[in-house]
K.L.:
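Dropping a structure here in structure tokens format, bear with me for questions.
Lettering follows sequence order; numbering is per chain, from 1. Values below: every heavy atom of this structure, side chains too, minus hydrogens, waters and symmetry copies.
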2 protein chains.
Amino acid sequence: MKFEAVTIKDIAKALGLSTSTVSRALRDSYEISPETKKLVLEYAAKINYHPNPIALSLKERRSHSIGVIVSEIANSFFSQSIDGIESIAYKNGYNVIISQSRESFEREVINLNYLTSRSIDGLLVSVAAETKDFSNFKELHDRGMPIVFFDRVVNEINTHKVIVDNYKGAYDATRYLIESGYTNIAAVANNEVLSITKDRIAGYKAALADHHVQERDAYIRYCAHGGLLSSEVEEVVADLVSLDPRPDAILALSDKLTTGCLRILKAKNLKIPHDIGLIGFSNSEITELIEPPLSIIKQPAFEMGEIATDLLLQLIESKRPVTDFETKMLEPQLIIRESAKRKRAGASAGSQ
Amino acid sequence: MKFEAVTIKDIAKALGLSTSTVSRALRDSYEISPETKKLVLEYAAKINYHPNPIALSLKERRSHSIGVIVSEIANSFFSQSIDGIESIAYKNGYNVIISQSRESFEREVINLNYLTSRSIDGLLVSVAAETKDFSNFKELHDRGMPIVFFDRVVNEINTHKVIVDNYKGAYDATRYLIESGYTNIAAVANNEVLSITKDRIAGYKAALADHHVQERDAYIRYCAHGGLLSSEVEEVVADLVSLDPRPDAILALSDKLTTGCLRILKAKNLKIPHDIGLIGFSNSEITELIEPPLSIIKQPAFEMGEIATDLLLQLIESKRPVTDFETKMLEPQLIIRESAKRKRAGASAGSQ
DNA sequence: AACTTTACCGGGAACGATTGCGTAAATAAA
DNA sequence: TTTATTTACGCAATCGTTCCCGGTAAAGTT
């Protein structure tokens, strides 16, 4: 099957002109007489001419497409981000090529190689949970590929980044739990190496410290695959609830973990928030419909995608090499619902 | 910023060969001596040579990328479909360029023009809710563009299609409601012109008829924008519950509508399933966590994306024009949970 | 010794578009 | 009338790659 497009040559031949004249006429060059322009433009419109973007790309040495690497598309946060990415890219005439790491370092590297071999103009990345070796990104960046990280960033690479205030998100959520009377607060986090994990855990710890609640190592658990495997969440939660003293609340530090914990807590017949409180990062649109309505920390995913793309396009279209990079930090939104309401707000902290 | 790639010319120059020889060596042509091949291959690997896909595209007159038009990415069904699309496309060396219609005919046409002007090799489409004029697709298809429709197909165009058995899905759900003792079953559907709407409504009606339950026009409602506007769902549900007799169950005929109805029913303080039963099409991963756990008809979204892409690639890579098109129909999955359990199965109809 | 193969390799056109340069004709200035 | 300038267009190189068409030297065949 073929889809034959009309070229500038067809126009030239039909009108008895050279291709250069046609090209110039189409670009409204001053070198072409108004009559010729009119002729060309009208004929072009008539036969529905569109310049071949591939030929243009070859000439201009840029593809007008950007690559995106996320862990999985079918995840509320990422699909919302991609929505934002697509809208800005589209507005600026760029294609978006998406690939998924599924939290695997290996797949991430493969995707990276694939995308660069497809001659993309820039890259938008939220790194995989497994990734602790950033040399591939680093090398690519050093060789001049514009990269913008969003959500899960890599601090070792000096470029634009877009994140939410993960520290604050976790801090506020933890504080809320403490102020609601929870004292044994466990944290279930994504892979330990992730920037979001570090920042969120830091916020969690700080909130505990600031409110004189003792931090316990046993209460902090990591899921190497970010909850992509339900077994790892299951294990972690099972461990947690078998502890003595058993945690009276769980702070889940990423999307998949939040729903994962809830699922397992329910399976274990623990009543939320009575037996155990739950709050977590989530971008699902229907957390309010859950039983119990879920308290969440929500990220402005769409905006993050928009901003990251804006920054990337700036990088791509900048004439001079950019050396002044910024990290945009957005506000997370703490939404309190039933799943983390236990005692009255304002109860004195630091119990036991 | 620029990202300089190494070309075949660089290799030729460095090795004192012609570009044709290098090209042939890289493609393992029999015309090249083993020694030269080895030389070229090793040097190419050393300087990390990758053929420029844009130059190849220009030469071969195909871009190795496929366009996708869906109503919105941030929708469980579509993001799961895209997941499937991406996996097959990736496996075959194709890029996926995604665009969103947001249920608008106008945006769909714009996306269509944009994608074709980006010289894609084929198109995967799930039509927008508003679209009743298919002439744009038809014309494109007639001009030789391979198109595969999935989920929301257009019957007027003879090409491959991938759907679930929407009739059966709606029929089985309706039958389940009837057998559970519901008698006044309303249907809330997407835009009337959509193929999925027609098929699902037909299944709903057939189930009513087969079980001697009277069909009422007032019980069948359409949402022109597929629930993208929460106001339209609100209106429809408000109307429905004010009817006399009030429906004792709602069958929601698409993703957004299912959660939309639930949200509004809850806001109206109606107890599900006691006051009103609810079942609907949904591909959300967390419907079991909802209060009450949602009974759903689930589509094999990932597989649909995979199959549609497979079919599209067949079309693209076929030497001869394909005239024998097929419609793959997959099985929907009926998952019964609390939201549609009222009386015991097998209870006689006619309640109150 | 003369001819035919075979093995290897290079030149250059082509894909579709842009663009620097050259130039004929028309017009203006001398 | 001669020269300079402007107008309006064509030629050809270029982007990176493939591939048709040759070409040459060594080997094999009479």
Side-chain angles (χ1 to χ4, degrees), chain A residues 2-41 43-45 47-65 93 116-121 144, chain B residues 1-41 43-44 47-65 93 95 116-121:
Chain A
K2 52 176 178 262
F3 177 77
E4 293 296 349
V6 24
T7 78
I8 220 170
K9 276 188 193 170
D10 301 328
I11 303 181
K13 203 169 294 173
L15 264 39
L17 293 167
S18 76
T19 58
S20 13
T21 304
V22 174
S23 171
R24 272 183 269 251
L26 291 170
R27 324 208 115 243
D28 200 26
S29 160
Y30 69 96
E31 289 186 286
I32 304 299
S33 72
E35 304 86 59
T36 309
K37 277 183 193 167
K38 187 158 173 285
L39 203 67
V40 171
L41 257 7
Y43 186 72
I47 64 173
N48 196 29
Y49 168 80
H50 285 286
N52 183 326
I54 295 179
L56 277 178
S57 293
L58 184 59
K59 188 113 235 296
E60 296 174 2
R61 298 198 231 183
R62 39 195 297 218
S63 59
H64 282 273
S65 55
T116 54
S117 82
R118 299 298 289 185
S119 60
I120 49 166
D121 295 340
Chain B
M1 288 298 312
K2 54 179 175 261
F3 177 78
E4 293 295 348
V6 26
T7 77
I8 222 170
K9 276 188 194 171
D10 301 327
I11 303 182
K13 203 170 295 172
L15 264 38
L17 293 168
S18 76
T19 57
S20 4
T21 304
V22 175
S23 171
R24 269 182 274 250
L26 291 170
R27 325 212 118 243
D28 200 27
S29 159
Y30 68 96
E31 289 185 289
I32 305 298
S33 73
E35 303 85 59
T36 309
K37 276 183 193 168
K38 188 156 171 288
L39 202 68
V40 171
L41 256 8
Y43 186 73
I47 63 173
N48 197 28
Y49 168 80
H50 285 286
N52 183 325
I54 294 179
L56 276 178
S57 293
L58 183 59
K59 194 110 235 297
E60 295 174 3
R61 296 196 233 186
R62 38 194 299 218
S63 59
H64 282 274
S65 55
N95 295 326
T116 55
S117 84
R118 300 297 289 186
S119 60
I120 48 166
D121 295 340

K.L.:
Rounded to whole Å, please give me the gap between NZ in B/Lys9 and P in C/dG12.
P.N.:
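Rounding to the nearest Å, NZ of B/Lys9 and P of C/dG12 are 14 Å apart.
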K.L.:
Pick base, sugar-phosphate or nothing for A/Ser57, based on heavy-atom distances below 4.0 Å to the nucleic acid.
P.N.:
nothing
K.L.:
Heavy atoms, side chains only, cut-off 4.5 Å: are A/Arg118 and B/His64 in contact?
P.N.:
yes
K.L.:
Could you give the CD-to-C1' distance, from A/Glu31 to C/dA25, as a whole number of Å?
P.N.:
16 Å
K.L.:
Should the side chain of B/Lys59 and the base of D/dT18 be counted as holding a donor-acceptor pair, with the cut-off at 3.5 Å?
P.N.:
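Answer is yes: a donor-acceptor pair is held.
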K.L.:
B/Glu60 CD to D/dC19 P: how many Å, rounded?
P.N.:
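These atoms are roughly 8 Å apart.
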K.L.:
Mark yes or no for whether A/Ser63, through its side chain, and A/Ser119, through its backbone, hold a donor-acceptor pair below 3.5 Å.
P.N.:
yes
K.L.:
Would you kindly give the CD1-to-P distance between B/Ile32 and D/dC19, to the nearest whole Å?
P.N.:
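Checked: the CD1 to P distance equals 13 Å.
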K.L.:
How long is the line joining CG of A/Leu58 and P of D/dT18, in whole Å?
P.N.:
12 Å
K.L.:
Nearest whole Å is fine: how far is D/dG10 P from A/Ile8 CD1?
P.N.:
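Rounded to whole Å, this separation is 12 Å.
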K.L.:
How bent is the helix from C/dA1-D/dT30 to C/dA30-D/dT1, measuring the angle between the end axes built from five pairs each, rounded to 10°?
P.N.:
70°
K.L.:
Below 4.0 angstrom from OP1 or OP2 of C/dC9, is there any side-chain N or O of B/Ser33?
P.N.:
yes
K.L.:
For DNA chain C, determine which residues of residues 16-30 of chain A have any heavy atom closer than 4.0 angstrom to one of its atoms, and list them numerically.
P.N.:
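The answer is A/Ser20, A/Ser23, A/Arg24, A/Arg27.
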K.L.:
Specify the separation, in whole Å, of atom NE2 of A/His64 and atom P of D/dC15.
P.N.:
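So the two atoms are 18 Å apart, to the nearest Å.
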K.L.:
Would you kindly give the CD1-to-C1' distance between B/Ile47 and D/dG16, to the nearest whole Å?
P.N.:
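Distance check: B/Ile47 CD1 to D/dG16 C1' gives 14 Å.
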K.L.:
Between the side chain of B/Asp121 and the main-chain N/O of B/Arg62, is any donor-acceptor distance below 3.5 Å?
P.N.:
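Checked: no pair found.
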K.L.:
Using only side-chain N and O atoms of B/Arg61, determine if any of them is under 4.0 Å from OP1 or OP2 of C/dG16.
P.N.:
yes
